[in-house]
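Naming: A, B, ... by sequence-line order, numbering from 1 per chain. Please read these numbers as outputs of a predicted model, since none were measured by experiment.
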Amino acid sequence: MTAKNNSTALRTHLCGEMHAEKIGQKVTLCGWVGRRREHGEHLAFLDLRDYSGIVQCVVDNSVDVRSEWVIRVTGTVQARPTGTVNENIPTGKVELVDCKIEVLNNAEPPPFPIDQRGDDVDENVRLKYRYLDIRRERMQKNLRLRAAVNSAIRKSMESQGFTEIETPLLMPSTPEGAREFLVPSRNEPGSFYALPQSPQLWKQLLMVAGIDRYYQIAKCLRDEDLRADRQYEFMQLDAEMSFVNKDDVMTMISTAVIAAAKAATGSEPPPIERMTWHEAMNDYGIDKPDLRFAMKLVELTKVFASTEFKAFASAESIKAICVRGADYPLQAASGRNKLDALTERAKKLGAKGLVWIKVADGSVLESPVAKFLSAKEQADLIAQTKATVGDLILIVADQWATTCSVLGQLRNDLGRPPVHEGPYRYVWIVDFPMFVGINPTTNKPQPGHHPFCHPHQEDVDRLETEPLSVRALAYDLVLNGWELGSGSIRIHEPELQRRVFRQLGISDEDADARFGFFLQPFKYGAPPHGGFAFGIDRLVAILAGEDNIREVIAFPKTQSGSDPMTNAPTTVDAAQLKELGIRLLPPAIK
RNA sequence: GGUCCCGUGGUGAAGUUGGAGUUCACGCCGCCCUGUCAAGGCGGAGGUCGCGGGUUCAAGUCCCGUCGGGACCGCCA
């Protein structure tokens, strides 16, 4: 964790290096004054703190140093007297005595405690004084863990033959997908650069350029609303490689992710399992399944194939989740109010309704609809769900996609633990559909991923005839229900790319106008290639035991996109706007 | 754009059917204290209850609006 030699002109060691083997040595340490414990005229204990830890200094109580003052202490390392060892800190067996104190800087009292109690402070206050928040052990640990992850990824990628190449931050606007941040051009008033949502276009051009294996730990920017797992700006491991299939890509990315996880946690996760998109939707109702808990979707369509119950009679797909009373006693015992709320939730998510059934003593089904279900249906229901007394069964009957997604969301609502809780469950989701549904206004298929994904070779022929049945050579990496990243084999054949664009309602002329600079190069010998990108902030947050990426970012934005410390974003003066040829509209009146 | 939660000395909280800025812990300042380690004891300072309206004899408390923060939905190809 520390460099071999931490001595500088001002210090000989770090606080955290003060262990028993240093006893007898004269050392000089620099750091901040943590806590001060006074014991009469000629004795006080100071906790001296730097990033490596704290060490106790025994000083004369006449020394005037206070909370967070920056001091330089020269003293002798001594074993603590019998009975005064502190087992709770790594340096607890020793202390510094005969201390000479030099004040390097004094300090106002900090607005919040620079210790674990800072965790409970309003996050807005922490962000306003982020430089003090980062002094705390938690943030020091998180940022250094992040650095270790970055380093492990770089080592892994380089050892696998990848070349690190930086790509531009200022690029043309390509207004597909996420909203872009725009940067006005001074030399060409009225024209704008866009900041990259990802280096996608650049890295594919690097494949045309014969780089073969590219990677970059790249900053990406998206002007979309923020969340616990989303910031305007975020870091991605961005990679692309030539002459590969999807297994090559997933193998190499898995190697880097496993190396990062090992660097962060000290233990290597098992090989990353795979699941098709259809399996994920069918069994978990979501394309980023959280495998840490069961409550899988149970197939019931055949059970109710000839039911008298109207709500089930004509449904394409009937599925259930079983909330085990043994695992989720509160949720399974939900009263009428909670069950009504669940029903409302299901309707909001697109279901026509939600059927709830409680399994009471003697396996009697308690439900408003129990009387509509035959004895065989009830028995089969119990058999399929393996429900026992005290369990709650939630059933949705609808089109397949709706049934799955509604139950998948309810499953997460009811059973999902905080994202950082172990165990870590990585999973590759493969065989995503090329298109997801039809856009009602344009009557064209909607892209599942970006439009450069290569269709599955077996499905290319159905691109025009049955577009919704076409699988893409696309894959996502999921950890504990968070999408870490996604990738695909790209289209390298210009004609196939045009066919895909046409399916999306983008004419050849439109494609040339919007992506010409990108498509033109593919005429000059683009190799087959594919790649991947995954979010470093998300991976680090989970590995650091945090459920919010702000905790692993030095200077994050709030949920409304502002920075309480710098007050960004701010207005700019008229001269700056004039130079850019920009005139502001009056504020909208509500 | 939407739903829900939060806003009380520097920090974290409590504040009842509406009745005096009341309370608790930490921090801060001063004094005391020679083995503590989130030290301890005594004393003190510190608040426009986010802001603006309204109801009321009376509002931290009820109502409306607004600002800020958070969780989620939409959005994030």
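- Taking 4.0 angstrom as the limit, A/Gln559 places a side-chain polar atom (N or O) nearer than this to OP1 or OP2 of B/rA71.
- For the pair A/Asp225 CG and B/rG74 P, the interatomic distance rounds to 12 Å; values are reported in whole Å.
- Base-pair partner of B/rG68: B/rC6 (Watson-Crick or G-U wobble, both distances under 3.5 Å).
- You'll find a donor-acceptor pair under 3.5 Å spanning the side chain of A/Arg117 and the base of B/rA38, going by distance alone.
- Among the heavy atoms of the strands lying under 4.0 Å from A/Glu95 is at least one base atom, whether or not backbone atoms are also near.
- Under 4.0 angstrom from either OP1 or OP2 of B/rA39 there lies no side-chain N or O belonging to A/Arg36.
- When the C1' atom is used for both B/rG9 and B/rC49, the distance is 10 Å, rounded to whole Å.
- To the nearest angstrom, C1' of B/rC6 lies 15 Å from CG of A/Asp120.
- Atom-to-atom, OH of A/Tyr232 to P of B/rC75 comes out at 17 Å; the value is rounded to the nearest Å.
- Side chain A/Arg222 to base B/rC76: no donor-acceptor pair is found below 3.5 Å.
- In this model, no side-chain donor or acceptor of A/Glu41 finds a partner on the base of B/rU34 within 3.5 Å.
- You won't find any donor-acceptor pair under 3.5 Å spanning the side chain of A/Arg227 and the base of B/rG70, going by distance alone.
- For B/rU36, its base sits under 3.5 Å from the side chain of A/Arg80 at one donor and acceptor pair at least.
- Neither OP1 nor OP2 of B/rC32 sits under 4.0 Å from any side-chain N or O of A/Asn61.
- The aromatic rings of A/Phe522 and A/His529 lie tilted to each other, with the angle between the two planes from 30° to 60°.
- As rounded to whole Å, 14 Å separates atom P of B/rG68 from atom CG of A/Asp122.
- OP1 or OP2 of B/rU36 has not a single side-chain nitrogen or oxygen of A/Arg37 nearer than 4.0 Å.
- Backbone-only engagement by A/Pro111 is indicated by non-hydrogen atom pairs under 4.0 Å involving sugar-phosphate atoms exclusively.
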